Amino acid sequence: MFFVVLWGVNKRVKMTSLLNKLSDIVGQAFESEGLDKAFGRVGVSDRPDLAQFQCNGAMAAAKAAKKNPRAVAESIVPKLQANLMFSKVEIAGPGFINLTLTDLELGKYISSISADQRCGVDKISKSETILLDYGGPNVAKPMHVGHLRSSIIGDSIRRILKFSGHNTIGDIHMGDWGTQMGMMISELQLVHPDWVYFDESFTGEYPSESPVTMDDLEEIYPRVSALCKTDETRLELSRAATVDLQNKRPGYHALWKHFVTISLQSMKRNFSALNVHFDLWKGETDVHDLISPMVDDLTKRSYAVKDDGATVVHIKKNDDNKEYPPLILYKRDGGVLYGTTDLATIVERIKNYNPSRILYIVDKRQSLHFEQVFRAAKLTGIAPESLELTHLGYGTMNGSDGKPFKTRSGGVLKLEDLIAMGHEKAMQRLEEAQAAQDLSQDEKDDIASKVAIAAIKFADLQNSFSADYIFDLDRMTSFEGKTGPYLLYQAVRIKSLLDKAGYKQNPQITIKPDDAGRNVILTLIELPQVIDIAARNYTPHVLCDHTYKLAQAFSSFYGNTHILSESDEVKKQGWLEISHMVLCQLELLLDLVGIKIPDRM
RNA sequence: GUCUCCGUAGCUCAGUUGGAUAGAGCACAAGUUUCCUAAACUUGGGGCCGCAGGUUCAAUUCCUGCCGGAGACGCCA
């Protein structure tokens, strides 16, 4: 396979990443020995002291062909040694093939992508429409740290898939139709029976101004919710109000609209601060009108049946080794549950967007629920077999005691308060460092916000999302070591460096790797693989890990090399070019996890 | 009771279809600033990868059992 080097951003053609190119070359060597090409997969070396790259395929191939792994490697290696790209090809241990490129080859490759806007990362060959369901805040409930995970993980996966070339649709899917609404409404009715919203004979216009504030709602919900847990009659009252609301009783509906309006303001403020984006701001309510026809249809086709007063879909399969409770469509009292709305939402999403995948970024404790919904959707033919329905369940935020995180006073930590704490700390650090002293207060505020969000997001996203993790406030707002602010800091230093150097991008430049910059270059070339892995497995933490590795490689290079005072102009320009590429990749990688970089800090 | 997930350094976490000497941050110890932002860099100590078997040339990774932790299990979301 020929590697086409084209200069300039406008003439961009499909670029093969260096690791793919090497895999291809080694794969051909395997193929010529009658072995599967796939064994030629090349990765970055685990032993940088021995080589830059390695291929473990000889051992796997030997197993498949029942041969000696070393003998297989020995048949492959001479073919590679004949290739002038490599300065060194060796067999090590049981049959590792160790590869090192010539600096000329490395320089050629890195120069070829130096001006590329996508940092040498190709779009995937076939684009799909992927709908992501994340965020899921509840109307009338305050957003707390528990909402952090769904929002930032979902948003990051959306960004990664979009960058990879997919058509992505992020839907917030608000919880705006459940029993918590009935709780709020019934409580207000108990306290203010005289309100016009509760006068069933009233036929006029309801007030346009909400009678309650977000603060009121935040106070009422936890109180009534706790009450309903112990008081059965109070719960019944809430359920009845919920059913009435779902049947669109005018006064209740008007009141509910107020809840939504004031909650939306609060949500938008929170998500904007977090730099989390949604394409759709839909909620459970939006599918309400689809429910009754859906259930009628399922009843007609005998999937929906009456069971103990409720209307359910049985989802057991014969080869199950596990009990599956049925999906309940209508409760005994006629109310609908979130399983009903989730199923109807699949109907709506297929009709409106026809996605090939729907990803749900929701607490992993709801995995049974999603399994029920997915089974029901596939079983009844609501969703075609080809539609990928995946629940990406994230773990619980625990406190240091291993139990779900609570503040010292026993309450939930509001998202706004967490952000405010990070902001305050960042501001403090800014003063200490005496950085940005010439900037206005607004500009400093902007920097502190970016630092705080970077700290919070990176602290969370660097964990693999499926595991529970210990929420540590100090760690969340820490700025040293493997943190968001460290990454920002490296990017800011590069900006400052390029600025001082009067750097202008030169697409014609040929970078010559040297001992100082080689490690940085080797890290830069890993990008396409890293993004591919993150996109295929929906794992933002892989990006976080690599971003840190890149920043660290640069920081080490920067600390040991004085770039601006370098008298060898060719060397200096090469270093600046590398620095610029690091900045571009940091910007890209941080953007994929939803982190913005300030110009100074 | 059944099922799911987890157990890796003092703490918080990585470890990519089984591969070489299991990595990082924090914490701890020692260095580095007449020079591009020290929110940084360099170096060091730290590990029966929960335990016991099994499969394999090779197991933190796959299988089985046990111990320990978390969670879910029809009318909340």
Side-chain angles (χ1 to χ4, degrees), chain A residues 38 41 43 45-47 49-50 54 56 59-60 62-63 68-69 92-96 98 136 138 141 175 178-180 183 225 228-229 235 238-239 284 307-310 312 321-328 330-333 335 337-339 362-369 372 393 395-396 398 400 402-404 426 429-430 432-433 435 451 459 462-464 466-470 472 474-475 478-483 485-486 488-490 492-501 529-530 533 537 539 541-542 544-545 548-549 552 555-556 558-565 579 600-601:
Chain A
R41 196 169 62 100
S45 178
D46 292 331
R47 293 286 303 273
D49 53 320
L50 300 179
Q54 66 182 5
N56 299 347
M59 291 173 290
K63 182 159 194 166
N68 181 319
F96 296 100
N98 284 337
N138 287 314
K141 284 198 218 173
T179 307
Q180 79 267 22
M183 290 182 187
S225 174
C228 286
K229 274 185 187 137
L235 180 60
S238 301
R239 281 185 181 144
E284 295 169 321
D307 188 329
D308 200 12
V312 307
N321 59 349
K322 189 176 155 183
E323 285 298 308
Y324 283 96
L327 185 74
I328 296 174
Y330 284 130
K331 295 190 284 183
R332 257 194 296 268
D333 65 10
L337 297 170
Y338 77 140
V362 181
D363 193 315
K364 72 177 177 186
R365 285 173 295 191
Q366 292 186 28
S367 64
L368 177 60
H369 162 73
Q372 287 176 280
T396 314
N398 290 329
S400 49
K403 291 179 181 148
R429 183 71 193 85
L430 213 50
E432 273 168 25
V451 170
Q462 68 169 309
N463 300 314
S464 43
S466 59
D468 292 346
Y469 86 108
I470 309 286
D472 179 347
D474 289 335
R475 182 166 168 254
S478 164
F479 302 157
E480 278 158 32
K482 194 174 181 180
T483 63
Y486 172 91
L488 300 188
Y489 181 67
Q490 300 314 327
V492 165
R493 285 211 295 198
I494 298 174
K495 285 187 187 185
S496 170
L497 169 72
L498 296 177
D499 199 40
K500 283 211 166 70
Q529 261 64 22
V530 169
I533 290 169
N537 303 318
T539 46
H541 83 273
V542 169
C544 290
D545 209 54
Y548 181 70
K549 185 179 170 187
Q552 214 177 25
S555 192
S556 178
Y558 180 89
N560 296 314
T561 316
H562 202 273
I563 299 166
L564 290 187
S565 61
S579 303
R600 314 228 326 242
M601 67 186 275

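Reminder, nothing fancy here: chain letters follow the sequence lines and each chain counts from 1. Model, not experiment: these values are computed from the prediction.
Residue A:Arg365 places none of its side-chain N or O atoms closer than 4.0 Å to OP1 or OP2 of B:U4. In terms of phosphate contacts, A:Ser556 brings a side-chain nitrogen or oxygen within less than 4.0 Å of OP1 or OP2 of B:U42. Distances shorter than 4.0 Å separate none of the side-chain N or O atoms of A:Gln366 from OP1 or OP2 on B:C76. Remark: A:Thr179 is in phosphate contact with B:A77, judged by side-chain N or O atoms under 4.0 Å from OP1 or OP2. Residue A:Tyr486 places at least one side-chain N or O under 4.0 Å from the OP1 or OP2 atom of B:C41. A sub-4.0 Å separation between OP1 or OP2 of B:A14 and a side-chain N or O of A:Ser464 is present. Taking only side-chain nitrogens and oxygens, A:His369 never comes nearer than 4.0 Å to OP1 or OP2 of B:C73. Between A:Ser555 and B:C41, a side-chain N or O to OP1/OP2 separation shorter than 4.0 Å is present.
By the side-chain contact (heavy atoms from CB on, under 4.5 Å) test, A:Ala501 pairs with A:Leu564, A:Leu576, sequence neighbours left out. With sequence neighbours excluded, the residues forming a side-chain contact (heavy atoms from CB on, under 4.5 Å) with A:Lys229 are A:Ser225, listed by chain and number. Partners of A:Val492 under the side-chain contact (heavy atoms from CB on, under 4.5 Å) rule, at least two apart in sequence or in another chain, are A:Ile597, A:Pro598, A:Met601. In this structure A:Asp363 satisfies the side chain to side chain donor-acceptor pair (under 3.5 Å) test together with A:Arg365, sequence neighbours excluded. With sequence neighbours left out, A:Asp545 forms a side chain to side chain donor-acceptor pair (under 3.5 Å) with A:Lys482. With sequence neighbours excluded, no residue satisfies ring-ring contact (aromatic ring centres under 6.0 Å, His included) with A:His541. In this structure, the side chain to side chain donor-acceptor pair (under 3.5 Å) partners of A:Asp468, at least two apart in sequence or on a different chain, are A:Lys364. By the side-chain contact (heavy atoms from CB on, under 4.5 Å) test, A:Asn537 is found to be paired with A:Ile533, A:Thr539, residues two or more places apart in sequence or in another chain being considered. Not a single side chain to side chain donor-acceptor pair (under 3.5 Å) links A:Asp472 to another residue, sequence neighbours left out.
For A:Asp307, the side-chain atoms get nearest to B:G74 when compared with the rest of B:A20, B:C75, B:G74. You'll find that the side chain of A:Asp46 is closest to B:A20, out of B:C36, B:A20, B:A24. For A:Lys364, taking side-chain heavy atoms from C-beta onward, the closest of the listed nucleotides B:A24, B:C5, B:U42 is B:C5. Comparing B:C76, B:A70, B:A77 by their nearest atom to the side chain of A:Asp468 picks out B:A70. Picking from B:G25, B:C75, B:A14 the nucleotide with the shortest atom distance to the side chain of A:Asn463 gives B:A14. Of the candidates B:C3, B:C13, B:C36, B:C36 carries the atom nearest the A:Ile563 side chain, counting heavy atoms from C-beta on. The listed nucleotides are B:G25, B:A77, B:A39; the one nearest the side chain of A:Glu284 is B:A77. Comparing B:U37, B:U12, B:A39 by their closest approach to the side chain of A:Lys500 singles out B:U37. Counting only heavy atoms from C-beta on, A:Arg239 has its side chain closest to B:C75 among B:C41, B:C75, B:A39. Comparing B:G74, B:A39, B:C13 against the side chain of A:Tyr489 picks out B:A39 as the nearest.
Donor-acceptor pairing under 3.5 Å, judged by distance alone, is absent between the side chain of A:Gln462 and the base of B:A14. For A:Asp363 against B:A72, no side-chain N or O and base N or O form a donor-acceptor pair under 3.5 Å. Interface remark: the A:Arg600 side chain does not form any donor-acceptor pair with the B:U37 base, using a distance-only criterion of under 3.5 Å.
In this structure the side chain of A:Tyr324 reaches within 4.5 angstrom of the side chain of A:Leu368, judged on heavy atoms.
Each of A:Leu564 and A:Ser45 lies near RNA chain B, and the nucleotide nearest A:Ser45 is the one positioned closer to the 5' end. Place A:Pro325 and A:Leu337 on RNA chain B by their nearest nucleotides, and A:Pro325 ends up nearer the 5' end.
For B:U42 and B:G25, the P atoms lie 9 Å apart once the distance is rounded to whole Å. Only the P atoms considered, B:G46 is 12 Å distant from B:G10, to the nearest whole Å. Annotation: B:C49 and B:C3 have their C1' atoms spaced 26 Å apart (nearest Å). Comparing the C1' positions of B:C73 and B:G65 gives an interatomic distance of 25 Å, to the nearest angstrom. Atom C1' of B:A77 sits at a distance of 16 Å from the matching atom of B:G71, rounded to the whole Å. The gap from the C1' atom of B:A20 to that of B:A59 amounts to 14 Å, rounded to the nearest Å. As rounded to the nearest Å, B:G53 and B:C67 have C1' atoms that lie 15 Å from one another. Distance check on atom C1': B:A38 versus B:U33 gives 7 Å, rounded to whole Å.
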Write down the protein N/O and nucleotide N/O pairs, taken from nucleotides 58-62 of chain B, whose separation is under 3.5 Å; answer none if there are no such pairs.
residue: B:A58; atom: N6; partner: A:Lys63; partner atom: NZ; Å: 3.1

What does the list of N/O pairs under 3.5 Å between the protein and nucleotides 26-29 of chain B look like, with a distance for each?
none

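Here A:Gln366 contributes atom CD and A:Tyr338 contributes atom OH; the two are 4.0 Å apart, rounded to the nearest 0.5 Å. Taking SG from A:Cys228 and CD from A:Gln180, the interatomic distance works out to 11.5 Å, rounded to the nearest 0.5 Å. Taking CG from A:Asp499 and CZ from A:Arg600, the interatomic distance works out to 10.0 Å, rounded to the nearest 0.5 Å.
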Task: Bracket string, RNA chain B, 5' to 3' - pairs by Watson-Crick or G-U geometry under 3.5 Å, | interstrand - done: (((((((..((((.....[...)))).(((((.......))))).....(((((..]....))))))))))))....
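Look at A:His562 and the base of B:C35; the rings do not stack under the cut-offs of 5.5 Å between centres and 30° between planes.
In this structure, A:Pro326 and A:Gln372 approach most closely via the heavy-atom pair O-NE2, 3.1 Å. The two residues A:Arg332 and A:Asp308 have their closest heavy-atom pair at NH1-O, 3.2 Å.
If you measure from atom NZ of A:Lys403 to atom P of B:A70, you get 8 Å, rounded to the nearest angstrom.
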